[in-house]
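Values reported hereafter were calculated over all heavy atoms of this structure, with side chains retained and with hydrogens, waters and symmetry mates removed. Every chain is numbered from 1, with letters handed out A, B, ... down the list of sequences.
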Amino acid sequence: MMKTWQAGKRLLPMTAALGLLLAGCGREDLSVLRPQGPVAESSYGLMKLSITIMIVVLLIVFSIAAYVWIRFRRKKDQDEIPEQVEGSFKLEVLWTVIPLILVIVLAIPTVKVVFAAGNDHSDDKDAIKVKVTGHQYWWEFEYKDYGITTAQDLIIPTGKHIAFELSTKDVLHSFWVPSLAGKMDTNPDGTVNRFSFSAPNEGVYRGKCAELCGPSHGFMEFKVKAVSGDAFEKWIASMKAPESVMPEDPVLAEKFKSQCLSCHAIGSMPASPVAPSLTGIGSRESVAGILLNDDTREDGAPVLENLKTWLHDPQSVKPGNKMPNPKDRGLSDEEIDGIAEFLAGYTLD
Amino acid sequence: MDWITTVDHKKIAILYLWAGGLFFGIGGLEAILIRIQLIKPMNTFLDAQTFNELITMHGTTMIFLGVMPVIFALMNAVIPLQIGARDVAFPFLNSLGFWTFLFGGLLLNLSWVMGGAPDAGWTAYTPLSGKGYSASHGVDFYTIGLQIAGLGTLIGGINFLATIITMRAPGMSFMRMPMFAWATFITSAIILFAFPAVTVGLVLLTFDRILDANFFDVAGGGNPVLWQHIFWIFGHPEVYILILPAFGIISEVIPTFSRKRLFGYSSMVFATILIAFLGFMVWAHHMFTTGLGPVANALFSVSTMLIAVPTGIKIFNWLFTMWGGQVRFTTPNLFAAGFIPTFTMGGVTGVMLASAPADFQFHDTYFVVAHFHYVIVGGLVLGLFAGLHYWWPKMFGRMLSESLGKWTFWTFIIGFHLTFFVQHFLGLMGMQRRVFTYLPNQQFDTLNLVSTVGAFLMGVGMIIFLVNVFLTSRRPADAPDDPWEDGRTLEWTIPSPPPEYNFKQTPLVRGLDAFWKEKMAGHKGMTPAEPVGPIHMPSATILPFLMSVGIFIAGLGFMFSRDEFSSSIMSFLFNNYIVTALGLLITFGSMLMRSLFDDHGWHIEPEELEGR
């Protein structure tokens with residue numbers, strides 16, 4: 001056992017060097033190699049250890065290979081028969097035992113972290129409990145303790161454990177926020193998964209669906225927004241505030257009610273099982289999870305523009321999604337723009 | 001006609017090779033289309049649906065219809081020769097195995113022209129592959145096509161088991177058997193145990209889709225995770241069905257071109273058996289993120305890591321086979337040399353993936369795509385190239401061009417690393433797999449471009465190989481019996497290509513590497529174990545072909561049995577299972593013919609053998 005740990009210790013400096021090298025890879029809000037929370041950190045630790053071991057193995061194999069290819073290349077007029085070696089018991093035992101030791105070095109921390117990852121905080125009174133439901137192709141987040149439901153943007157307070165309960169309404173999806181934690185599948189009822197993570201730092205992290213779920217699988221993105229505890233309480237409060245929100249123009253309001261609210265919920269309406277809640281949609285990070293509401297960026301646009309893009313032709317933004325084209329439901333271009341303007345202005349403070 | 005009725009293992013090998021080559025080409029084109037689509041963010045070259053069909057068909061085609069038949073081609077061409085047999089144990093079944101495979105493959109690919117290819121990924125996870133979410137006939141083509149093709153594989157596997165157990169030449173004990181024969185034997189054993197699992201799974205999914213069963217439907221009391229278990233209980237061993245033959249090929253090529261016997265032969269045999277055994281124990285490592293819980297995840301993590309040990313034994317034994325030898329870099333050996341580091345890279349990422357908490361991050365990302373392409377392309381395909389170049393003269397009597405072969409190697413392997421090495425990083429930087437496009441500014445753009453350029457280079461390598469095959473086929477068939485001059489096993493003791501009956505007299509085997517042993521003793525050929533006598537040969541027959549046609553028709557009939565057709569005749573034929581029954585009638589009728597009419601085969605008389 002002692003020996004095992006010593007081997008582990010010898011690998012440490014290389015692990016550290018590799019860590020520095022890999023940390024340059026990818027965006028801070030997205031890359032597995034730049035973990036932003038303890039759960040992703042523990043996966044990353046295992047990755048660094050395993051990569052280190054594997055690079056050592058590769059170096060050994062590559063150098064022996066290079067050596068034999070050069071040293072034992074058949075030379076011109078070399079014709080004597082080389083000695084026919086049957087094998088070597090000692091050598092063969094050696095390359096059975098060394099990989100075994102390396103496997104043990106990796107297996108011990110793996111098992112430790114596996115059991116740590118099994119800790120889901122669902123009984124923790126202090127944890128924020130979120131029920132995540134996957135839909136083709138959007139994410140629903142229900143905060144049961146607060147009685148609120150939102151979609152696409154998962155708002156969490158920094159430093160607290162977030163205890164997740166994952167399931168799906170249709171096909172399998174997989175809930176993944178690379179910089180905060182590894183992924184976990186959303187299975188149908190009966191096989192509900194639980195896990196948890198926490199985000200120590202404020203920020204917006206990109207989340208993705210990792211299980212093929214249909215044509216728009218690649219577009220089933222979401223954002224995790226870690227905010228301070230105060231900001232989180234404020235957000236909860238504004239989500240619960242019973243506001244009467246409707247477009248000012250009564251004709252438009254009627255259209256909105258009859259055409260949009262038949263599927264979507266808004267304000268204090270009970271959450272709909274088929275379409276994302278629209279509460280506070282104007283202050284979300286993105287429209288449809290992929291059109292970024294950030295006009296300071298090259299790949300972003302103002303929220304109003306994104307809403308118009310989406311509402312004028314939902315299929316071209318997310319092929320295969322369940323939203324009917326508003327035009328097919330009898331809305332004119334002006335009415336669509338009007339609803340987009342209303343939704344863009346519907347923000348939470 | 002001769003090709004449709006043949007039962008000769010050497011001809012069936014060539015049939016497998018051409019059919020495998022055809023499907024491999026289709027799968028390769030699909031890969032190129034996929035890589036063109038991913039060359040830049042938000043590309044509109046393909047739409048999402050077509051892309052999902054392409055990835056599904058690329059994976060399915062390559063695994064089941066591309067590399068498996070090429071493996072079977074080499075096994076068929078080589079195994080009877082290596083063990084000193086005149087054919088496989090059941091020549092009729094051998095032919096049946098090929099034709100069911102071919103018709104299964106054709107049925108699957110018909111989906112492209114008959115209303116939508118399967119689109120639920122090659123793993124066909126339910127409920128996405130269920131009727132509710134995949135309404136076209138795509139997945140029906142998948143389940144029924146693979147069922148028929150799988151029949152062929154199972155038949156082939158059983159045939160090789162029987163052949164190797166019962167038909168070795170006198171003196172060839174198991175521990176004197178060439179390594180490729182060992183690999184074939186173990187592979188066939190895995191096929192025997194793994195394929196029934198997928199057979200059952202495909203039946204259940206077919207019933208769910210066509211007969212409204214509820215095996216995987218939650219609303220009806222089923223469970224979609226069940227499909228994942230069934231699929232991977234087959235799917236993981238399948239990985240070893242693919243890679244062990246490559247191990248076998250490498251174990252033949254390296255000793256020949258090092259002029260040394262295989263280092264640690266008995267540990268190689270032991271490692272092969274151990275890999276096969278462990279291969280069945282680790283299926284759930286494909287399901288770490290399914291939510292199995294920490295106990296299962298820990299067990300499957302550790303058992304998966306253990307596979308590194310026997311695999312490591314093999315790698316080092318190959319390296320030490322070359323140690324002290326005289327290594328000659330012919331084309332086959334170049335591929336074998338390329339195999340060792342490339343496969344090792346695929347192997348080590350496999351160990352990384354085995355660590356469950358790290359796999360939570362790797363799973364379903366491009367890291368996994370990179371890993372299994374390193375194993376399957378960098379391992380198996382390089383191995384197959386080594387084997388094809390090595391045994392080509394034996395199969396066709398013609399040496400492939402060495403200079404074109406070297407061009408194939410260099411373009412292919414450089415293209416390969418360019419394509420797949422960068423994908424490790426794409427995965428770690430947050431790119432999931434099976435996405436038809438990706439948003440810009442995630443730092444994925446350059447790496448994807450590099451990957452696509454690499455894919456084209458691999459394509460160039462393939463084209464050079466085809467040119468090589470074409471040019472070679474126009475040259476006279478003048479390869480000597482032992483074209484590489486250092487052949488060690490029995491196939492090199494007979495003419496290239498071998499006569500119909502392989503061995504005029506069954507050879508007497510006096511040790512491992514039987515031919516090499518005779519050569520060292522100063523003999524030119526093998527000592528015969530029997531006098532020259534009449535050789536019994538099986539008759540050619542069209543029945544296997546007909547049986548497969550029947551199953552093919554029955555499959556199509558069953559698949560469309562619920563459809564409404566515009567013409568009433570079609571509706572009548574399909575909806576009343578008349579087409580299905582007709583197909584089954586052809587199959588069972590052929591079986592009846594086979595049982596009723598005894599065919600004793602024919603003999604080649606000694607005079608004819610001597611008169612050659």
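In this structure, the portion of A/Glu83 lying under 4.5 Å from any heavy atom of chain B is its backbone and not its side chain. Using a 4.5 Å cut-off between heavy atoms, A/Trp176 touches chain B through its side chain atoms alone. Heavy atoms closer than 4.5 Å to chain B are found in the side chain of A/Glu221, but not in its backbone. Proximity to chain B (any heavy atom under 4.5 Å) is shown, for A/Glu80, by both the backbone and the side chain. A/Val61 touches chain B through backbone and side chain together, each having a heavy atom under 4.5 Å away. Looking at A/Asp79, the atoms closer than 4.5 Å to chain B (heavy atoms on both sides) sit in the backbone and in the side chain alike. Contact annotation for A/Phe62: only side-chain heavy atoms (C-beta onward) come within less than 4.5 Å of a heavy atom of chain B. Neither the backbone nor the side chain of A/Tyr44 comes within less than 4.5 Å of any heavy atom in chain B. Heavy atoms of A/Leu91 lying under 4.5 Å from chain B belong exclusively to its side chain. The part of A/Leu58 that comes within reach of chain B is its side chain, from C-beta onward, which places non-hydrogen atoms under 4.5 angstrom from that chain. For a residue to count as touching a neighbouring chain, one of its non-hydrogen atoms must lie under 4.5 Å from one of that chain's; by this rule A/Ile55 does not touch chain B.
Chain B forms more heavy-atom pairs under 4.5 Å with one residue of A/Leu212, A/Leu46, A/Leu33 than with any other, namely A/Leu212. Ranked by non-hydrogen atom pairs under 4.5 Å with chain B, the options A/Gly118, A/Pro215, A/Pro99 are led by A/Pro215.
In summary, the side chains of A/Asp185 and A/Ser174 do present a donor paired with an acceptor at a separation below 3.5 Å, with no hydrogens or angles considered.
Outside the 6.0 Å centre-distance limit, the rings of B/Phe316 and B/Trp323 are not counted as a close aromatic pair. Aromatic rings from A/Phe175 and A/Phe164 are positioned such that their centres are separated by under 6.0 Å. Here B/Phe436 and A/Phe219 bring their ring centres to under 6.0 angstrom of each other.
Close approach to chain B, defined as a heavy atom under 4.5 Å from one of its heavy atoms, is seen in A/Cys25, A/Gly26, A/Arg27, A/Leu30, A/Ser31, A/Val32 of residues 25-32 of chain A, taken by number.
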Yes or no on side-chain hydrogen bond (donor to acceptor under 3.5 Å, both in side chains) for B/Gln228 and B/Thr290, after CA distance, side-chain angles and deciding distance?
CA-CA 9 Å; B/Gln228 297 184 28; B/Thr290 310; 3.3 Å; yes
